[in-house]
Peer 1: 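Got a structure for you, questions after.
Chain letters run A, B, ... following the sequence lines, proteins first, then strands; residues in each count from 1.
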Amino acid sequence: MAIQYWLMKSEPSAYSISDLKRDKKTYWDGVRNYQARNFMRDDMKCGDLVLFYHSNAKPPGIVGLAKVCQEGYPDQSAFDPESKYFDPKSNPNHPTWIHVDIQFVRQFKRIISLNDIKKNIKLSSMKVVQKGSRLSVQPVLAKEFEEILCMADA
DNA sequence: GCCAACGTTGGC
DNA sequence: GCCAACGTTGGC
């Protein structure tokens with residue numbers, strides 16, 4: 001199976017690419033959306049590459065690259081009443097929420113802003129540019145991924 | 001801070 | 001199963 005490509009959103013005030021660079025790897029906890037969960041549970045494989053996107057940032061955009069280093073396993077934060085991600089409906093015997101681990105690959109020299117992505121006709125199919133798209137874990141086509149890397153290195 | 005788009009909840 | 005109300009996301 002060829003590697004697949006993804007885009008994952010994070011608010012930099014919550015967890016930024018700099019945090020990932022410092023930590024080297026992290027568990028992607030707190031996703032509470034079934035579609036995003038399903039991608040992490042069913043489709044994301046070790047070695048898959050991830051575009052790291054800063055949402056609610058100035059400007060919003062893709063800031064770097066990460067790699068899946070641990071496939072789906074239960075999100076412990078759902079069981080922790082102290083966590084802001086606590087979900088009383090998630091049963092430890094049948095966890096509702098599954099996440100992956102990702103590791104830092106590199107930070108881009110420049111932000112590929114949402115505006116840059118919108119201006120690039122080759123990227124018009126990306127979910128992230130579509131109005132109202134709120135999916136925080138989304139698949140990216142190989143050709144889209146390659147175009148993003150070209151822009152990052154340009 | 002505003003608000004449109006979306007997902008979830010819960011009454012019926 | 002429908003759908004109105006509500007909460008959240010996230011660009012602007």
Peer 1: Considering only residues two or more places apart or on different chains, which pairs with a residue in residues 127-145 of chain A satisfy side chain to side chain donor-acceptor pair (under 3.5 Å)?
Peer 2: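 Listed by first then second residue: S125(A)-E144(A).
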Peer 1: Which residues pass the side chain to side chain contact (heavy atoms under 4.5 Å, CB included) test with C150(A), sequence neighbours left out?
Peer 2: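 Testing C150(A) for side chain to side chain contact (heavy atoms under 4.5 Å, CB included), a comparison that skips the adjacent residues, returns none.
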Peer 1: Go through DNA chain B in 5' to 3' direction and return only the first and the last nucleotide with some atom under 4.0 Å of chain A's heavy atoms.
Peer 2: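 Under 4.0 Å from chain A, the extent on DNA chain B is dA5(B) to dT9(B).
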Peer 1: Among residues two or more places apart or on two chains, list those pairs meeting salt bridge (charged side-chain N to carboxylate O under 4.0 Å, His left out) that have a residue in residues 12-24 of chain A.
Peer 2: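 Found D19(A)-R22(A).
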Peer 1: Looking at CD1 of I62(A) and CE of M8(A), how far apart are the two atoms once the value is rounded to the nearest 0.5 Å?
Peer 2: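 It is 13.5 Å, given to the nearest 0.5 Å.
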Peer 1: Does R32(A) or N56(A) map to a spot on DNA chain B nearer the 5' end, using the closest nucleotide for each?
Peer 2: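 Going by which nucleotide is closer to the 5' end, it is N56(A).
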Peer 1: In chain order, what residues pass the side chain to side chain contact (heavy atoms under 4.5 Å, CB included) check against R110(A), with sequence neighbours excluded?
Peer 2: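 Only D116(A), M151(A) meet the side chain to side chain contact (heavy atoms under 4.5 Å, CB included) criterion with R110(A).
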Peer 1: Return each pair, listed once, that meets ring-ring contact (aromatic ring centres under 6.0 Å, His included) where at least one residue sits in residues 59-96 of chain A; pairs must be two or more places apart or across chains.
Peer 2: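 Qualifying pairs, neighbours excluded: Y73(A)-H99(A).
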Peer 1: Could you list the residues that satisfy side chain to side chain contact (heavy atoms under 4.5 Å, CB included) with A14(A), not counting sequence neighbours?
Peer 2: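 Residues passing side chain to side chain contact (heavy atoms under 4.5 Å, CB included) with A14(A): E11(A).
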Peer 1: Enumerate, atom names and distances included, each donor-acceptor pair closer than 3.5 Å involving a side-chain atom of residues 36-52 of chain A, sequence neighbours excluded.
Peer 2:
unit_1 : atom_1 : unit_2 : atom_2 : d
R37(A) : NH1    : T96(A) : O      : 2.9
N38(A) : OD1    : R41(A) : NH2    : 3.3
N38(A) : ND2    : Y34(A) : O      : 3.3
D48(A) : OD1    : Q4(A)  : N      : 3.0
D48(A) : OD2    : W6(A)  : NE1    : 2.9
D48(A) : OD2    : K45(A) : N      : 3.0

Peer 1: Answer with base, sugar-phosphate or nothing: what part of the nucleic acid does K58(A) contact at a heavy-atom distance below 4.0 Å?
Peer 2: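 No contact.
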Peer 1: Which residues in residues 114-124 of chain A have a heavy atom closer than 4.0 Å to any atom of DNA chain C?
Peer 2: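 Heavy-atom contacts with DNA chain C come from L114(A), K118(A).
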